[in-house]
Colleague: 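A single structure is presented below for examination.
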Amino acid sequence: MSVPPPPSKDFIREIIDEDLASGKHAGTVTRFPPEPNGYLHLGHAKSICLNFGIAEEYGGRCHLRFDDTNPIKEEIEYVDSIQEDIRWLGFDWGGHLYFASDYFEQLYEWAIHLIQEGKAYVDEQSAEAIRRTRGDLQSPGTASPWRDRPVDESQALFVQMRAGEFADGEKVLRAKIDMAHPNLNMRDPVLYRILRADHHRTGDKWCIYPMYDFTHGQSDALEHITHSLCTLEFENHRPLYDWFLENLPVPSHPRQIEFSRLNLNYTVMSKRKLLQLVTEGHVSGWDDPRLPTLRGIRRRGYPPEAIRAFCKTIGITKFQSTNDIALLENAVREVLNREAPRYMAVLDPIRVVLTNYPEDQVEEMEAVINPEKPEDGTRLVPFSRELYIEREDFMEDPPKKFFRLSPGREVRLRSGYFIRCDEVIKDDAGEIVELRCTYDPTTRGGENPADGRKVKATIHWVSAAHAIDAEIRLYDRLFRSETPDRAEGSFLDHLNPDSLQILTGAKLESNLAKVAPGETVQFERLGYFCADIDSTATALVFNRTVGLRDAWAKAKG
Ligand code: ATP
Ligand code: MG
């Protein structure tokens with residue numbers, strides 16, 4: 001067997017290789033900088049896998065830094081959940097947990113430094129006026145009447161801003177760069193605003209807060225980040241990122257590199273939209289299994305290895321694209337096929353009575369736990385005279401290509417026996433309520449009989465007397481549109497009304513009673529299912545993680 005070639009490196013890892021080879025850096029320091037204003041989603045997972053992945057591969061380190069410069073939307077709840085989710089994905093920042101708010105004092109000093117150098121000034125125009133005078137791509141901006149005020153005056157005003165002597169929004173500190181710069185971000189950007197809000201860490205210590213742009217690069221520099229990896233929308237901010245680092249006495253000058261963000265079809269990934277889905281009750285919470293949040297997919301039963309494998313598959317580029325969610329689902333199947341123990345479950349049961357099976361007999365049938373992992377051994381499944389099979393595995397009047405159970409036809413019960421259907425029992429409304437069948441005692445374990453008789457189908461079953469009841473939650477895509485963000489009207493107009501289907505009559509193999517919430521198993525022939533956190537010993541609830549095959553590809557094809 002030939003060894004497959006190693007996957008080619010993405011452009012970021014190529015840059016890192018060069019920087020290490022040239023001696024520019026002796027090692028790598030990356031960071032993942034979430035704003036604690038929401039739960040992490042699959043887009044964040046891409047960034048986490050990149051930043052922490054590089055640290056692992058290069059023997060470097062990756063910092064977790066909360067970008068907490070906006071006290072209005074940030075909450076401690078998010079700080080905690082983000083850490084938990086990163087750990088769940090399988091990454092660790094060691095002792096390197098930081099908060100941008102820890103640098104507020106340093107950033108303030110650097111703001112004073114810029115003022116003293118004549119590179120920043122206090123502006124008294126309203127936010128509206130600042131926006132209006134910024135100009136556009138065709139025309140230069142208009143200088144503020146305060147732009148050339150004396151350095152001392154700006155410094156005194158900035159000190160007063162900090163001391164709380166002005167109302168919110170009354171003044172701002174702006175960098176003095178170039179009002180005619182072709183890049184609008186360079187036209188005297190705002191560095192500080194006055195905002196009275198309780199910060200989750202600094203409380204009411206500050207009433208001025210630095211803007212993201214004035215915080216991010218300097219935080220990177222303070223932490224000696226070597227490669228500051230961010231998404232493409234920050235490309236236009238890079239000149240400003242570099243300008244601050246060139247004009248401040250920072251201890252290092254990290255390099256910002258942009259890559260394209262993860263977009264997935266049939267879902268939305270912006271925190272604002274996810275928040276709206278949650279607060280307006282379109283889903284049950286941040287951990288609703290239909291959401292692309294890490295909480296959601298975890299509850300759904302997606303294993304973290306699958307997320308990491310998926311991120312590796314899609315790679316890192318600068319091209320904007322939308323990835324097919326089927327690719328993620330395949331990564332999930334691949335891991336679960338390898339890892340998940342098998343059980344039998346009947347979601348839509350129909351009763352089968354084996355008329356020639358002894359009334360009180362119960363046999364323990366041996367069944368393989370996981371054919372991919374013979375070392376996991378076997379389990380014992382009770383078999384008795386009354387069973388349940390899946391309603392759709394029977395047809396009274398079957399079309400040509402239907403090979404499962406029908407009157408006069410024989411099928412194999414997986415790890416059970418061959419059974420033949422002799423009689424169909426219906427209620428007054430004509431609904432099938434029971435099938436009378438006979439079993440062939442010589443086919444125990446589903447073995448072929450000595451006469452060489454063959455059957456064309458194997459179906460799953462559970463013993464009626466031993467079966468346990470469960471609620472099964474079947475999930476489909478949350479949106480009907482492939483691109484809900486870009487479709488007509490609001491993205492909410494494109495919600496899939498059938499994204500959750502709840503089945504209450506399912507009958508499960510008794511061995512499933514011991515599956516703990518959070519564990520994912522395979523229901524043979526049906527798919528992968530994860531015991532939900534709502535599940536209790538007396539009321540089991542399972543979420544369908546993913547089917548065995550891509551049902552959508554089939555439907556489209
Ligand atoms: P949103 O647009 O959903 O509000 P954000 O970029 O504002 O997300 P942050 O908390 O600032 O959210 O993100 C932390 C890090 O995760 C940033 O470095 C950001 O670039 C990265 N990130 C966010 N969304 C994606 C995505 N879809 N693909 C790749 N990286 C992402
Ligand atoms: Mg952000």
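Just follow the structure's listing: the first ligand is 1, and inside any ligand the first atom is 1. Please read these numbers as outputs of a predicted model, since none were measured by experiment. Excluded from the calculations below are hydrogen atoms, water molecules and symmetry mates; all remaining heavy atoms, backbone and side chain alike, are included.
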Colleague: What atoms in ligand 1 come closer than 4.0 Å to a heavy atom of Pro33?
Modeller: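 Contacts of ligand 1 toward Pro33, numbered from 1: 14 (C), 18 (O).
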
Colleague: Mark up the atoms of ligand 1 that fall under 4.0 Å of a heavy atom belonging to Thr231, in ascending order.
Modeller: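 Counting atoms of ligand 1 from 1, those under 4.0 Å from Thr231 are 20 (O), 29 (C), 30 (N), 31 (C).
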
Colleague: Just going by heavy-atom distances, which of Gly43, Ala45, Ser47 is nearest to atom 29 (C) of ligand 1?
Modeller: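 Residue with the shortest heavy-atom distance to the ligand atom: Gly43.
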
Colleague: Looking only at distance, does Arg272 have an N or O less than 3.5 Å from an N or O of ligand 1?
Modeller: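 Such a contact does not occur with ligand 1.
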
Colleague: To the nearest 0.5 Å, what is the distance between NE2 on His237 and CH2 on Trp243?
Modeller: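 Reported value, rounded in 0.5 Å steps: 16.0 Å.
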
Colleague: Pairs of nitrogen or oxygen atoms closer than 3.5 Å, one from Lys271 and one from ligand 1: do any exist?
Modeller: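 So ligand 1 has an N or O lying under 3.5 Å from an N or O of Lys271.
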
Colleague: Inspect the contact between Arg544 and Asp476 and indicate whether a charged nitrogen and a carboxylate oxygen are less than 4.0 angstrom apart.
Modeller: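 Salt bridge flag = no for Arg544 with Asp476.
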
Colleague: Got more than 12 heavy atoms from elsewhere within 6.0 Å of CD, Glu488?
Modeller: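 Not buried by this count: 12 neighbours or fewer within 6.0 Å.
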
Colleague: Which of the numbered atoms in ligand 1 are under 4.0 angstrom from any heavy atom belonging to Met269?
Modeller: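 So the atoms of ligand 1 that pass are 3 (O).
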
Colleague: Applying a heavy-atom cut-off of 4.0 Å, say which part of Phe234 lies close to ligand 1: side chain, backbone, both or neither.
Modeller: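 Phe234 to ligand 1: no contact under 4.0 Å from either part.
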
Colleague: Give the atom numbers and elements of ligand 1 that come within less than 4.0 Å of a heavy atom of Ser270.
Modeller: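 Matching atoms, with element in brackets: 3 (O).
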
Colleague: In plain terms, say whether Arg261 and Glu235 are close enough for a salt bridge, that is, a side-chain N and a carboxylate O under 4.0 Å apart.
Modeller: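 No, Arg261 and Glu235 are not salt-bridged.
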
Colleague: For atom 11 (O) of ligand 1, which of Glu35, Arg31, Lys46 has the closest heavy atom?
Modeller: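 Among Glu35, Arg31, Lys46, the closest heavy atom to atom 11 (O) of ligand 1 belongs to Glu35.
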
Colleague: Please work out which of His41, His216, His44 has its closest non-hydrogen atom nearest to atom 22 (N) of ligand 1.
Modeller: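 Among His41, His216, His44, the closest heavy atom to atom 22 (N) of ligand 1 belongs to His44.
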
Colleague: Using a strict 4.0 Å cut-off to heavy atoms of Pro34, name the atoms of ligand 1 that fall inside it.
Modeller: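 Here the atoms of ligand 1 in question are 10 (O), 14 (C).
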
Colleague: I'd like to know if the side chain of His216 pairs up with that of Arg31 as donor and acceptor (distance under 3.5 Å, no hydrogens or angles considered).
Modeller: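 Checked: His216/Arg31 side chains pair up, N/O donor to acceptor below 3.5 Å.
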
Colleague: Classify the ring geometry between His199 and Phe104 as parallel (under 30°), tilted (30 to 60°) or perpendicular (over 60°).
Modeller: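 His199 vs Phe104 ring planes: perpendicular.
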
Colleague: Under a plain distance cut-off of 3.5 Å, with no hydrogens placed, do Asp136 and Ser139 share a side-chain donor-acceptor pair?
Modeller: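 Yes, Asp136 and Ser139 have a side-chain donor paired with an acceptor closer than 3.5 Å.
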
Colleague: Any Lys/Arg nitrogen of Lys73 or Glu35 sitting under 4.0 Å from an Asp/Glu carboxylate oxygen of the other?
Modeller: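 A salt bridge is absent here (no side-chain N lies under 4.0 Å from a carboxylate O).
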
Colleague: Can an N or O of Leu262 be found at a distance shorter than 3.5 Å from an N or O of ligand 1?
Modeller: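 N/O-N/O distance below 3.5 Å exists for this pair.
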
